[in-house]
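As structure tokens, the structure follows; a few thoughts come after it.
In the text below, chain A, chain B and the rest are named by the order of the sequence lines, each starting its count at 1.
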Protein chains: 2
Amino acid sequence: MRLTTKGRYAVTAMLDLALHSSERPVSLADISQRQDISLSYLEQLFSKLRRCNLVSSVRGPGGGYRLSRGGGDIFVAQIIDAVNDTFDATGCGGKADCQQGEVCLTHYLWCDLSDQIHGFLSAISLSQLLEKREVLTIAARQDARSDAGQRVPAIEIKGDTLLVTEI
Amino acid sequence: MRLTTKGRYAVTAMLDLALHSSERPVSLADISQRQDISLSYLEQLFSKLRRCNLVSSVRGPGGGYRLSRGGGDIFVAQIIDAVNDTFDATGCGGKADCQQGEVCLTHYLWCDLSDQIHGFLSAISLSQLLEKREVLTIAARQDARSDAGQRVPAIEIKGDTLLVTEI
DNA sequence: CGATTACCTACTAAATTGGTCAACTATAAG
DNA sequence: CTTATAGTTGACCAATTTAGTAGGTAATCG
């Protein structure tokens, strides 16, 4: 398990996707603008996310990416694993020159810690993160009650109806 | 919180230190041999570990390093933080151009995950790891003998928090 | 003294991160 | 059919980090 900025970018992008893909697919350009991640870097990340079946793509005008399944079935660990292609574990696992049992054990202990964290992140879904976000948003609104509540509505024109969704 | 090979090297070296420093100080050359880490890289790591008061040094022949205090008072998170000097958090925390509350929130959620992992690793001491090592050694011996391999789960996932019951 | 070992600085090679660019392909809208 | 949109791929690049080297100084012990 590796925790780097790469994984954070991926999780952030997936959160953005989960937030905005209720109606139409979300283009990487949109995510790039909203989350301030370079478009080309997003392309790299989503190429891997797609290969791991975490997102599905829709081509052509109005296309973009969607979560491949519900946010409740996509877990943070899956996202991080998808973009960290080289999970060589310990370098010791593969090599046969582990001269002493002791070396193996210390490596094993590190693996164990890593696995525990992996298990932790495997239990947190995108939906759970979003729920937490809602809680935090409400808390923030209550904090800044006196000021303008600045809710940001997303207005979409769908056919002949006007869709106003509060985010 | 960053989990990379650097931190793993540091934890491995500290485990080696905890294992062998009961009598005399342990030289980096010894650790280098036993754990197959280059001596110079160990010097870099231990320079930081010493600056963070995790180890104390003894110069001269027969010198080396010792844990600065009992293994029960040194925690994995401290070791990892010591060698990862640049803990810039999210890059968003400092920057003021967080245009929308939304961006801050996704970043905040990542921070929150990271903090939970940090808290998790802050609860695991070197001594606990060593105890686990003993358990595993015994278990391995028992496995080899009677094929009764059962691994005791030390950490439970309860909601989105980690319960460290016993290690 | 001389051997040992920590300690320090500078340097280098490899890998990773983050990003750019260009060409290409599939698709949907007009 | 044409064209714009948008995904896909691959090559390339700069900055940073990781990992390791080389060479020296300082302290300490026998």
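- A:Phe46 has its CZ atom 10 Å from the P atom of D:dG7, to the nearest Å.
- Without hydrogens or angle criteria, B:Ser32 side chain to B:Ile37 main chain gives a donor-acceptor distance under 3.5 Å.
- Atom NZ of B:Lys48 is separated from atom P of C:dC8 by 13 Å (rounded to the nearest Å).
- One interatomic measurement links the two molecules: CG of B:Leu42 to C1' of C:dA6, which rounds to 13 Å at whole-angstrom precision.
- Rounded to a whole Å, the CG atom of A:Leu3 is 16 Å from the C1' atom of C:dT16.
- Counting non-hydrogen atoms under 4.0 angstrom, A:Tyr65 reaches the backbone sugars and phosphates but no base.
- Distance, A:Arg50 CZ to C:dA26 P: 13 Å, rounded to whole Å.
- Residues A:Met1 and A:Asp115 fail the side-chain proximity criterion, which asks for heavy atoms closer than 4.5 Å.
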- Worked verdict on A:Arg2 versus B:Arg2 for side chain to side chain contact (heavy atoms under 4.5 Å, CB included): CA-CA 7 Å; A:Arg2 285 163 58 202; B:Arg2 286 163 55 204; over 6 Å; no

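- Proximity of B:Arg2 to the phosphate of C:dT17: no side-chain N or O atom is located under 4.0 Å from OP1 or OP2.
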Can you give me every donor-acceptor pair (side chain of residues 55-67 of chain B, partner residue at least two apart or in another chain, under 3.5 Å) with its distance?
{"residue": "B:Arg66", "atom": "NH2", "partner": "B:Glu23", "partner atom": "O", "Å": "3.0"}

Close N/O contacts between protein and nucleotides 3-5 of chain C (under 3.5 Å):
{"residue": "C:dT4", "atom": "O2", "partner": "B:Pro61", "partner atom": "N", "Å": "3.4"}
{"residue": "C:dT5", "atom": "O4'", "partner": "B:Gly60", "partner atom": "O", "Å": "3.4"}

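- Of the options B:Ile31, B:Leu54, B:Leu28, a side-chain contact (heavy atoms from CB on, under 4.5 Å) to B:Leu17 is made by B:Ile31 and by none of the others.
- Proximity of a side-chain donor or acceptor of A:His118 to a complementary backbone N or O of A:Ser114 within less than 3.5 Å is not detected.
- Between the side chain of B:Ser47 and the main chain of B:Glu43, no donor-acceptor pair closer than 3.5 Å is present.
- Nucleotide C:dC7 holds its P atom 14 Å from the CG atom of B:Leu45, rounded to whole Å.
- Distance B:Ile80 CD1 to D:dT17 P: 18 Å, rounded to the nearest Å.
- Put simply, the residue from A:Leu3, A:Ile117, A:Leu121 that forms a side-chain contact (heavy atoms from CB on, under 4.5 Å) with B:Leu113 is A:Leu121.
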Mind listing the side-chain donor-acceptor pairs of residues 72-79 of chain A below 3.5 Å, one per line with the distance, residues two or more places apart or on another chain?
{"residue": "A:Gln78", "atom": "OE1", "partner": "A:Arg69", "partner atom": "NH2", "Å": "3.4"}
{"residue": "A:Gln78", "atom": "OE1", "partner": "A:Phe75", "partner atom": "N", "Å": "2.9"}

- Dot-bracket for DNA chain D, 5' to 3', counting Watson-Crick or G-U wobble pairs under 3.5 Å, with [ ] for crossing pairs and | for inter-strand pairs? ||||||||||||||||||||||||||||||

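- Listed by chain and residue number, B:Tyr41 satisfy the ring-ring contact (aromatic ring centres under 6.0 Å, His included) test with B:Tyr9 (two or more places apart in sequence, or in another chain).
- For A:Ile31 and D:dA6, the CD1 to P distance is 13 Å, given to the nearest whole Å.
- The shortest side-chain heavy-atom distance between B:Leu126 and B:Met14 falls under the 4.5 Å cut-off.
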Just the table, please: protein N/O against nucleotides 18-23 of chain C N/O, every pair under 3.5 Å.
{"residue": "C:dG18", "atom": "OP1", "partner": "A:Thr5", "partner atom": "OG1", "Å": "2.1"}
{"residue": "C:dG18", "atom": "OP2", "partner": "A:Thr5", "partner atom": "OG1", "Å": "2.8"}
{"residue": "C:dG18", "atom": "OP2", "partner": "A:Tyr41", "partner atom": "OH", "Å": "2.9"}
{"residue": "C:dG19", "atom": "N7", "partner": "A:Gln44", "partner atom": "NE2", "Å": "3.0"}
{"residue": "C:dG19", "atom": "O6", "partner": "A:Gln44", "partner atom": "NE2", "Å": "3.4"}

